[in-house]
Novice: 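Before I ask anything, let me first share the structure, which is written out below as structure tokens.
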Amino acid sequence: MPRDLIFPTIEPFATGLLPVDDLHSIYWEQCGRPDGVPVVFLHGGPGAGASPTHRRFFDPGFYRIIIFDQRGAGRSRPLGETRQNTTEHLVGDMEQLRRMLGIERWHVFGGSWGSTLALAYAQAHPQRCRSLTLRGIFLMRPQEIDWFFNGMRTFFPEAHRSFVEFLPPAERADLTRSYHRRLTDPDPAVHLPAARAWSIYEGSCSTLLPNPEIVASAGEDAHALGLARIEAHYFLNNLFTPPDRLLQDVDRVRHLPATIVQGRYDTVCPIATADELHRAWPEATYVVVPDAGHSAMEPGIRTALVETMERLKSVS
């Protein structure tokens with residue numbers, strides 16, 4: 001398959017807002033074949049939201065494609081809301097959505113934070129999963145969060161310097177809490193500039209080669225606010241106990257067909273984490289893309305993801 005090919009642009013055949021509790025309603029959509037094999041797409045962040053491009057990893061003539069924006073993200077409401085927003089809430093939302101749509105079992109496809117949520121969901125509900133496709137592995141451990149705030153400067157010192165120097169010197173000792181304080185300030189004049197600084201930092205580090213389009217989209221207000229505020233919230237408040245829980249509980253999903261797709265030069269979620277997951281789960285297919293960074297839209301990564309979903313057509 002050519003490395004620049006994904007499926008054509010499509011439109012949903014159904015959309016809606018699902019009230020999941022007294023505060024949150026999540027946006028969902030279905031694309032492709034209404035009677036097709038169901039696959040659920042889990043976006044990254046947390047808080048990044050999904051986009052029309054994410055529909056294009058799947059053959060619309062075969063798959064029933066379910067995409068939703070997680071709590072506080074994208075088209076879900078309220079945007080940027082961190083109350084009642086934990087991994088366990090998101091896992092529960094997936095179950096509410098699955099039941100509402102009348103789906104017995106679905107393929108689960110997630111990248112970056114989406115790989116975290118995919119593992120957490122599958123370990124809680126393995127009987128509901130046909131397979132797992134995981135990209136740019138993130139296990140939400142303290143060392144991975146520390147890498148985001150400090151380690152990425154090894155490869156992107158300019159982006160990191162801009163991220164740090166957005167804050168006044170007195171606030172730079174604890175980047176997580178300083179940004180969190182600004183991002184949760186009710187004044188848009190305070191939280192929006194902080195959100196843009198955070199999101200542009202992440203976007204600038206996401207590709208092997210500079211991609212101005214990704215950086216520009218990272219700076220858009222709605223995207224930046226959902227991503228930055230909810231990431232800061234999760235990084236401070238929603239770590240797993242124990243920290244290696246997703247690795248320790250691999251036995252719960254070991255029987256499922258699984259593919260791990262990882263860019264060799266992923267700086268946001270370095271390959272060491274994917275390597276750990278594969279060593280804990282050697283039965284999973286492990287695809288290292290030799291000339292890619294983090295983004296799902298890196299040519300080699302998107303091709304590997306499409307090829308994985310093509311192979312999974314034979315999985316019942």
Novice: A side-chain contact here means heavy atoms from C-beta on lying under 4.5 Å apart; do His24 and Gln84 qualify?
Specialist: yes

Novice: Can you establish whether the number of heavy atoms outside Arg177 located under 6.0 Å from its atom CZ is more than 12?
Specialist: no

Novice: Has Thr207 got a side-chain atom pairing as donor or acceptor with Leu209's backbone, closer than 3.5 angstrom?
Specialist: yes

Novice: Could you check if a side-chain atom of Thr184 sits within less than 4.5 angstrom of a side-chain atom of His191, using non-hydrogen atoms only?
Specialist: no

Novice: Is the side chain of His43 donor-acceptor paired with the backbone N or O of Gly49 at a distance under 3.5 Å, no angle test?
Specialist: yes

Novice: Start with the C-alpha gap between Arg161 and Glu158, add the side-chain angles, then the distance that decides, and say whether salt bridge (Lys or Arg N to Asp or Glu O under 4.0 Å) holds.
Specialist: CA-CA 5 Å; Arg161 186 160 52 248; Glu158 305 93 339; 5.6 Å; no

Novice: Rounded at 0.5 Å granularity, tell me how far CD in Glu144 sits from CZ in Phe149.
Specialist: 13.0 Å

Novice: Would you tell me whether Thr308 and Arg311 have side-chain atoms, one donor and one acceptor, within less than 3.5 Å of each other?
Specialist: yes

Novice: Can a side-chain donor-acceptor contact be found between Arg135 and Gln262 if the only test is distance below 3.5 angstrom?
Specialist: no

Novice: Is there a side-chain contact between Leu246 and Arg141 in this structure, where contact means two heavy atoms from C-beta onward sitting under 4.5 Å apart?
Specialist: no

Novice: Are there more than 12 heavy atoms of other residues, nucleotides or ligands under 6.0 Å from atom CZ of Arg128?
Specialist: yes

Novice: Show the numbers, then the answer: is there a salt bridge (Lys or Arg N to Asp or Glu O under 4.0 Å) between Arg245 and Glu88?
Specialist: CA-CA 13 Å; Arg245 193 184 90 189; Glu88 288 71 25; 3.8 Å; yes

Novice: Assess, by modelled atom type and distance only, whether the side chains of Tyr265 and Asp291 contain a donor and an acceptor separated by less than 3.5 Å.
Specialist: no

Novice: If you take all heavy atoms of Phe138 and Ser112, which pair is closest and at what distance?
Specialist: CB-O, 3.7 Å

Novice: Would you say Trp113 and Gln70 are linked by a side-chain donor-acceptor pair, where the criterion is simply a distance under 3.5 Å?
Specialist: yes

Novice: Got a second to check how far Trp281's CH2 is from Ile260's CD1, nearest 0.5 Å?
Specialist: 6.5 Å

Novice: Say you draw a straight line from NZ of Lys313 to CE of Met309; how long is it, rounded to the nearest 0.5 Å?
Specialist: 9.5 Å

Novice: Verify the cluster assignment for Val20 and Leu101: are they in a single hydrophobic cluster under the rule of side-chain heavy atoms below 4.5 Å apart?
Specialist: yes

Novice: Mind listing the closest non-hydrogen atom pair of Ile103 and Arg105 along with its distance?
Specialist: CG2-O, 3.5 Å

Novice: Provide the closest heavy-atom pair for Leu312 versus Pro257 in the form atom of the first, atom of the second, distance.
Specialist: CD2-CB, 4.5 Å

Novice: Do Ser131 and His107 have side-chain atoms, one donor and one acceptor, less than 3.5 Å apart?
Specialist: yes

Novice: Can you hop from Val108 to Leu90 via hydrophobic side chains spaced under 4.5 Å?
Specialist: yes

Novice: Show your reasoning for whether side chain to side chain contact (heavy atoms under 4.5 Å, CB included) applies to Phe240 and Leu247.
Specialist: CA-CA 11 Å; Phe240 292 114; Leu247 286 175; over 6 Å; no

Novice: For Glu29 and Pro12, indicate whether the former's side chain and the latter's backbone hold a donor-acceptor pair under 3.5 Å.
Specialist: no

Novice: Test side chain to side chain contact (heavy atoms under 4.5 Å, CB included) on Phe58 and Phe7; report intermediate values, then the result.
Specialist: CA-CA 7 Å; Phe58 315 100; Phe7 288 100; 5.5 Å; no

Novice: Before you tell me yes or no, could you show the steps for Asp221 and Arg196 under salt bridge (Lys or Arg N to Asp or Glu O under 4.0 Å), namely the whole-Å CA-CA distance, both residues' side-chain angles and the distance that decides it to 0.1 Å?
Specialist: CA-CA 7 Å; Asp221 287 353; Arg196 286 192 290 267; 2.7 Å; yes

Novice: For residues Phe109 and Leu42, determine if any side-chain heavy atom of one lies less than 4.5 Å from a side-chain heavy atom of the other.
Specialist: no

Novice: Check Ser115 against Ile137 and note the closest heavy-atom contact, atom names and distance.
Specialist: OG-CA, 3.5 Å

Novice: Checking Arg182 against Glu171 for the salt bridge (Lys or Arg N to Asp or Glu O under 4.0 Å) test, could you report, in this order, the C-alpha distance in whole Å, the side-chain angles of both residues, the deciding distance, and whether it holds?
Specialist: CA-CA 10 Å; Arg182 287 173 174 265; Glu171 296 182 35; 2.9 Å; yes

Novice: Side chains of Asp266 and Cys269: does their closest heavy-atom pair fall under 4.5 Å?
Specialist: yes

Novice: Whether Arg99 and Glu95 form a salt bridge (side-chain N of Lys/Arg under 4.0 Å from carboxylate O of Asp/Glu) is what I want to check.
Specialist: yes

Novice: Going from CD1 on Ile26 to CG on Asp69, what distance comes out if it is rounded to the nearest 0.5 angstrom?
Specialist: 9.0 Å

Novice: Quick check on Gln127: does its CD atom have over 12 non-hydrogen neighbours (other residues, nucleotides or ligands) under 6.0 Å away?
Specialist: yes

Novice: Could you check whether any side-chain N or O of Arg252 sits under 3.5 Å from a backbone N or O of Asp249, counting only pairs where one atom can act as donor and the other as acceptor?
Specialist: no

Novice: Looking at Ala232 and Leu183, what are the two nearest heavy atoms and their distance?
Specialist: CB-CD1, 3.8 Å

Novice: Would you say that Phe235 contacts Phe148 through its side chain, given a criterion of any heavy-atom pair below 4.5 Å between the two side chains?
Specialist: yes

Novice: Report yes or no: does His223 contribute a side-chain atom to a donor-acceptor pair with the main-chain N or O of Glu220 at less than 3.5 Å?
Specialist: no

Novice: Say you draw a straight line from CZ of Arg181 to CG of Asp174; how long is it, rounded to the nearest 0.5 Å?
Specialist: 8.0 Å

Novice: Checking side chain to side chain donor-acceptor pair (under 3.5 Å) between Arg71 and each of Thr82, Asp93, Thr86, which is the one that passes?
Specialist: Asp93

Novice: Among the clusters formed by ILVMFWY side chains lying less than 4.5 Å apart, do Tyr63 and Val315 turn up in the same one?
Specialist: yes

Novice: Please verify the inter-ring angle class for Tyr121 with His125; under 30° counts as parallel, over 60° as perpendicular, anything in between as tilted.
Specialist: tilted

Novice: Which heavy atom of Ala50 sits nearest a heavy atom of Ile67, and at what distance?
Specialist: CB-CG2, 3.4 Å

Novice: Is there a side chain to side chain contact (heavy atoms under 4.5 Å, CB included) between His160 and Met152 once you walk through the steps?
Specialist: CA-CA 7 Å; His160 185 267; Met152 287 203 298; 5.5 Å; no

Novice: Do Phe68 and Phe41 have ring centroids that are under 6.0 Å from one another?
Specialist: no

Novice: Hey, does Pro142 have a side-chain heavy atom less than 4.5 Å from the side chain of Pro243?
Specialist: yes

Novice: Could you tell me whether a side-chain N or O of Asn85 sits under 3.5 Å from a main-chain N or O of Glu81, the two making a donor and an acceptor?
Specialist: yes

Novice: Between the side chain of Ser199 and the main-chain N/O of Ala218, is any donor-acceptor distance below 3.5 Å?
Specialist: yes

Novice: Tell me whether Trp28 shares a hydrophobic cluster with Leu117, the cluster being built from Ile, Leu, Val, Met, Phe, Trp, Tyr side chains joined at under 4.5 Å.
Specialist: yes

Novice: Ring-plane angle category for His233 and His180, please: parallel below 30°, perpendicular beyond 60°, tilted otherwise.
Specialist: parallel

Novice: Using the rule that two of Ile, Leu, Val, Met, Phe, Trp, Tyr join whenever any of their side-chain heavy atoms come within less than 4.5 Å, decide whether Phe156 and Leu167 are in one cluster.
Specialist: yes

Novice: Taking side chain as C-beta onward, heavy atoms only, is Trp106 less than 4.5 Å from Met94?
Specialist: yes

Novice: Is the side chain of Asn211 donor-acceptor paired with the backbone N or O of Ile214 at a distance under 3.5 Å, no angle test?
Specialist: yes

Novice: Thr9 vs Arg55, test: side chain to side chain contact (heavy atoms under 4.5 Å, CB included). Steps then yes/no.
Specialist: CA-CA 8 Å; Thr9 301; Arg55 306 165 186 161; 5.6 Å; no

Novice: Starting at NE2 of His89, measure out to CZ of Arg83 and round the result to the nearest 0.5 Å.
Specialist: 12.0 Å

